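All chains are named by letter (A, B, ...) in the order of the sequence lines, taking the proteins before the strands, and each is independently numbered beginning at 1. Everything numeric here is computed off the predicted structure, so don't read it as measured data.
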Number of protein chains: 2
Amino acid sequence: MVANDIGGCHLKAPAETKERILDVAEQIFAEKGYAATSMRTITSQAKVNLAAINYHFGSKVQLYRAVFRRRVEPMNRSRIEMLHSLERKAGDTPLALEDILQAFLEPALRASLDPKQGGTNFIKLLGRPHAEPGPDIHDFLPPMYDEVKKRYRAALAKALPDLSQEELSWRVHFVIGAMAFTLAGTDALEMIESCRYCDPTDIQGIVQYLLPFLKGGLSAPPAVLKSADRNTRIPDKSS
Amino acid sequence: MVANDIGGCHLKAPAETKERILDVAEQIFAEKGYAATSMRTITSQAKVNLAAINYHFGSKVQLYRAVFRRRVEPMNRSRIEMLHSLERKAGDTPLALEDILQAFLEPALRASLDPKQGGTNFIKLLGRPHAEPGPDIHDFLPPMYDEVKKRYRAALAKALPDLSQEELSWRVHFVIGAMAFTLAGTDALEMIESCRYCDPTDIQGIVQYLLPFLKGGLSAPPAVLKSADRNTRIPDKSS
DNA sequence: GTCTATACTCCGATAGAC
DNA sequence: GTCTATCGGAGTATAGAC
């Protein structure tokens, strides 16, 4: 359907060029990170001109976002579907914590095992932008996670009625931190924690360890605030 | 004591120059991250020549490491001291989880409140390199954390005798992830999790929420491995 | 609309004068 | 120890070929 190179025309199908850039960029970004990846490396490996990135995506950072968006959007759609189906089955009763966590983790897990969805490359990419400093790199995340965040937060609030809004927010934050840090799984793992006992490439195994930890953390008793400026203080030791 | 600029000499005390570079670099690295910070910005703000960084530190990345090392080493020494004093008091009985976590977190907390130790700038810097990709940036961490890691891991193993070596390793990893993600506290917080209910600058408050979460996660029951290649399988639903 | 060639600015690094 | 000059390589923008 597209004007192709049969008969001497050297143009390529535009979709093909864009896709090839995305594929190559995804791989190199995952391996070397954003800053250490040069546009010249991407374009030469994808066999396109240096300016092709600017033409098709606008800039390097916009290419990064496109790489991200291509994988995250289907993943988050799947997360919402899974939560929805859990809620239909449960009716009005709160969901079990592990079901919520499982529904959240499984789409990421599946993507990590399917090369068509980015495979391990994408998983490495997934957790990285959270720690990046510049607003350019991670300011585009909130709209992509907005719906997911809202729905899972609501499900967690129902499952954990004893937590204040504030404490729930923090715990969700900690959960995301543990996940992002683990999934991003750069070599940081072997570095901080000598990993004679754990295999960072066994993603399914990781989740089996991650789930009880997150469940235990989320369902821990609420914090006892000590330095609060309230005068109705919670007694410390009067059992 | 040093040859200074009184009387027309334009030389400065070397220590003073190095310190000024470190101070300025720490602030800018914390604000904008490694990649987005240029040596020209640092040197102009510190009122030194561009080549001064290369002269005193060797390269940009070595300056980054020096900034880091200056703060982390005293902090980790303090961590070891606090754990040591806990262990002396406890004798042979295992330490309480919250005491271990507290001993680990408090030195970081204190540094975050003391401008002389880097203050909030350093805390932002602390968690960041874990997610950075290039080996240049985070390969220098392991030797700095080696001793701390070994001692805290041993204390945790004693406090959590039911966990396998492998699971303990993973849980320590998750704890570090939640901490690093939280302390790094870029704006990622407001982005992933709408933070109407939590104040990311209130570091003392954060720790009060972090502690019960980590304690709950660490002391959760061991994972039930499902896909293991054992034939003595644990029954799923036979209550 | 797509792709190419080229130029511009900024970066980190370094050699050599002072 | 400090400064200037300069180099190669990075991201970016654009004029023009097809």
Side-chain angles (χ1 to χ4, degrees), chain A residues 1-22 24-25 28-29 31-67 132-137 140, chain B residues 1-22 24-25 28-29 31-67 132-137 140:
Chain A
M1 179 225 163
V2 257
N4 221 319
D5 57 351
I6 305 171
C9 178
H10 53 71
L11 294 178
K12 291 149 192 163
E16 196 185 311
T17 299
K18 273 185 88 163
E19 287 286 319
R20 207 164 58 245
I21 294 177
L22 283 171
V24 171
I28 306 184
F29 278 140
E31 275 171 16
K32 313 208 282 180
Y34 177 78
T37 300
S38 81
M39 293 170 64
R40 286 168 168 88
T41 305
I42 297 173
T43 51
S44 72
Q45 190 160 327
K47 289 175 186 163
V48 298
N49 188 271
L50 169 61
I53 289 181
N54 271 283
Y55 177 76
H56 286 287
F57 299 96
S59 70
K60 185 191 181 184
V61 59
Q62 282 177 284
L63 167 62
Y64 187 74
R65 297 180 191 184
V67 166
E132 288 274 351
D136 283 345
I137 295 198
F140 68 101
Chain B
M1 179 224 163
V2 258
N4 221 320
D5 56 352
I6 305 168
C9 178
H10 51 72
L11 295 177
K12 289 149 191 163
E16 194 185 313
T17 300
K18 273 185 88 163
E19 287 286 320
R20 209 165 54 248
I21 293 177
L22 283 171
V24 171
I28 306 184
F29 278 140
E31 276 172 15
K32 311 208 284 181
Y34 177 77
T37 299
S38 81
M39 294 170 62
R40 283 168 172 88
T41 305
I42 297 172
T43 51
S44 72
Q45 190 160 328
K47 288 175 186 161
V48 299
N49 187 269
L50 170 61
I53 289 181
N54 275 286
Y55 177 76
H56 285 288
F57 299 95
S59 69
K60 185 189 179 184
V61 60
Q62 283 177 284
L63 167 62
Y64 187 75
R65 297 181 191 183
V67 167
E132 288 273 351
D136 282 346
I137 295 198
F140 67 102

For this session: Could you tell me whether A/K60 sits above the aromatic face of A/Y34, with NZ or CZ closer than 6.0 angstrom to the six-membered ring centre and within 45 degrees of the axis?
Result: yes

Exercise. Are A/V61 and A/F140 close enough that some pair of their side-chain heavy atoms sits under 4.5 Å apart?
Worked result: no

Problem set entry | Length of the CZ-P vector between B/R20 and D/dG1, whole Å | 14 Å

Seminar exercise, completed: Regarding the side chain of A/A51, the nearest nucleotide among D/dA13, C/dA15, C/dA13 is D/dA13

For this session: Measure from NE2 on A/H56 to C1' on D/dT14 and round the result to the nearest Å.
Result: 16 Å

Exercise. 5'-most contact on DNA chain C: B/T41 or A/A52, nearest heavy atom basis?
Worked result: A/A52

Exercise. Given atom CD1 of A/I53 and atom P of C/dT4, what is their separation to the nearest angstrom?
Worked result: 13 Å

For this session: Return the value, rounded to whole Å, for the distance between atom CE of A/M39 and atom C1' of D/dA13.
Result: 11 Å

Exercise. Touch check for A/T37, heavy atoms < 4.0 angstrom, all strands: base, sugar-phosphate only, or nothing?
Worked result: sugar-phosphate

Exercise. Looking at side-chain heavy atoms only, is the closest gap between B/Y55 and B/N49 below 4.5 Å?
Worked result: no

Exercise. What residue among B/N54, B/T37, B/L22 forms side-chain contact (heavy atoms from CB on, under 4.5 Å) with B/L63?
Worked result: B/L22

Exercise. Between D/dC3, C/dA13, D/dG11, which nucleotide has the shortest distance from any of its atoms to the side chain of B/S59?
Worked result: C/dA13

Exercise. Taking atom P of D/dA10 as reference, at what distance in whole Å does atom NZ of A/K60 sit?
Worked result: 10 Å

Seminar exercise, completed: Quick note, B/T17 side chain, CB onward, closest among D/dT2, C/dG12, D/dT4 is D/dT2

Exercise. So does A/R40 reach the base of D/dG9 with its side chain, donor to acceptor, closer than 3.5 Å?
Worked result: no

Exercise. Between B/Y64 and B/F29, what is the ring plane arrangement, given parallel below 30°, perpendicular above 60°, and tilted in between?
Worked result: perpendicular

Problem set entry | Separation of atom CG in B/N49 from atom P in C/dC18, rounded to whole Å | 16 Å

Exercise. Between atom OH in B/Y55 and atom C1' in C/dC18, what is the gap in whole Å?
Worked result: 14 Å

For this session: Would you kindly give the CG-to-P distance between B/L50 and D/dC7, to the nearest whole Å?
Result: 16 Å

